There are 2 protein chains.
Amino acid sequence: MDYAPILNNIAKYVTLTEEEEIYFTSFLHYKKVKRKQYLLEAGDINTKISFVTNGCLRSYAIDKNGGEHVLQFAPVGWWIVDMRSLLNHEPARLNIDAIEETELLYILKPDLDALQLKYPKFERFGRMLAENAMATYQHRQIDNMILSAMERYSNFCTLYPSLILSLPQKQVASYIGVTPEFLSKMLNTVVVK
Amino acid sequence: MDYAPILNNIAKYVTLTEEEEIYFTSFLHYKKVKRKQYLLEAGDINTKISFVTNGCLRSYAIDKNGGEHVLQFAPVGWWIVDMRSLLNHEPARLNIDAIEETELLYILKPDLDALQLKYPKFERFGRMLAENAMATYQHRQIDNMILSAMERYSNFCTLYPSLILSLPQKQVASYIGVTPEFLSKMLNTVVVK
DNA sequence: GGTAATTGTTAATGTAGATTAAGGGATTTA
DNA sequence: TAAATCCCTTAATCTACATTAACAATTACC
């Protein structure tokens, strides 16, 4: 098993000793999910936090008419979780599935708790990861409050440059909060002269 | 100075020793802000994290037409910050001001950093606070993706029961993402028969 | 205590984006 | 390799909510 990608991710925040690395990786589980296969279904309890090493996951919620609304994409190097479900053992509101065949490493919440109690460095890592996620969600919310659909599309291209090429347009539309029909019109109605 | 409210807030997550309490409170600053007075202006660097002990603060962003959009209210017992500005020393996108005369305690980022390095318990507290905030923002985002204006209003009443009575309706409208005119119409168009 | 500013309401009109529908092209999958 | 599914586009119609405006009722503050 190649743990380099996940260890590199952690190394952005804290420097682990060899002992800590070994202890940490002993808790990791490997999983491969096929296209469209669920990692988490709304209603279930989210018990793990996952790190993508290959492929791409997405989290989304479903409205009362059955429409899908993408909260997040997780390409290689991203973490994904329904945090409220993980923290409070509540049924998840999010579905997580694979956009394409995807490989990931995950750690179970009880193991993560034990890890953080034993090595404060993982408290520190967890804090920084959560702080960054919070900052990202704060500014996503601001974007949604004050930007137009076109500006949100531009932001998307900056945030996920690797995805804009590979992702079906309807997934992008779902993320920025418009219908696929509207996104198509928006992108094809070039402002001429 | 009465540090009981902020220490009780921390005690929800971790149990401090007397030494840790004394060290922590030695970093706290007290501030009183009048109605409409700024604690943070967009464009400035957010250098502190604030805890409200009396009154109520709000954070909001301004769109290109000058319209205000409320991200968060912080009544007694809540924390408030522009996290991206704090973490990356970037200019804040949020304004923070007081809805009414407000008293607060704040800690500067460098002092918090020192505190967390010295006592891992504050890493733990910071992690939990950030995780909870992240979970809240995740689900706020989901709400905005899949709920109607009326449902978002109901959620608001549940989230901020103390505010729904004291807050001007236009502030509520700004938080749930509609105009004051629309909220007024929505609440007064009672479904009869 | 009086004037100014803020707030809530109603109503007419405007608009960004949704919905519905339909056709053709590309990808899956059996 | 064929059938089925998925994807993108265009266009007509529709709707939730914004905008503008005007007035009365509060509330803040000099």
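What you are looking at is a predicted structure, and each value in this text was computed from that prediction instead of being measured. Each chain gets a letter, A, B and so on, in the order the sequences are listed, and its residues count up from 1.
Whole-Å rounding puts the A:Glu100 CD to D:dC6 P distance at 17 Å. Look at CE on A:Met186: it is 11 Å from C1' on C:dA16, rounded to the nearest Å. D:dA18 atom C1' lies 14 Å from atom CD1 of B:Ile176, rounded to whole Å. When rounded to the nearest whole Å, the span between CG of B:Leu187 and P of D:dA16 equals 17 Å. In this structure, B:Arg152 places its CZ atom 10 Å from C1' of D:dC17, rounding to the nearest Å. For the pair A:Glu101 CD and C:dT28 C1', the computed distance is 14 Å after rounding to whole Å. In this structure, the NZ atom of A:Lys64 is 15 Å from the P atom of C:dA18, given to the nearest Å. Here the C1' atom of nucleotide C:dT28 and the CD1 atom of A:Ile99 are 16 Å apart, to the nearest Å.
Using a 4.0 Å cut-off, no side-chain N or O of A:Thr179 falls inside it from OP1 or OP2 of C:dG17. The side chain of B:Arg35 contributes no N or O atom lying less than 4.0 Å from OP1 or OP2 of C:dT6. Neither OP1 nor OP2 of D:dA28 sits under 4.0 Å from any side-chain N or O of B:Lys36.
For B:Glu181, taking side-chain heavy atoms from C-beta onward, the closest of the listed nucleotides C:dA18, C:dT19, C:dA11 is C:dA11.
Within 4.0 Å of B:Gly177, counting heavy atoms only, lie sugar-phosphate atoms of the nucleic acid but no base atom.
Ring geometry for B:Tyr175 versus B:Tyr160: interplanar angle over 60°, hence perpendicular rather than tilted (30 to 60°).
Looking at B:Tyr137 and A:Gln138, their side chains come closer than 4.5 Å, going by heavy atoms from C-beta outward. Under the 4.5 Å side-chain criterion, counting only non-hydrogen atoms from C-beta, A:Glu68 is in contact with A:Arg58. The closest side-chain heavy-atom distance from B:Met150 to B:Leu187 is below 4.5 Å.
Along DNA chain C, the nucleotide closest to B:Ser184 and the one closest to A:Met150 are compared, and the more 5′ of them pairs with B:Ser184. Residue order along DNA chain C, read from the 5' end via each residue's closest nucleotide, puts B:Gln169 first among A:Val178 and B:Gln169. Both A:Leu183 and B:Leu147 lie near DNA chain D, and the one whose nearest nucleotide falls closer to the 5' end is A:Leu183.
Distance OG/B:Ser59 to CG/B:Leu94: 5.0 Å, rounded to 0.5 Å.
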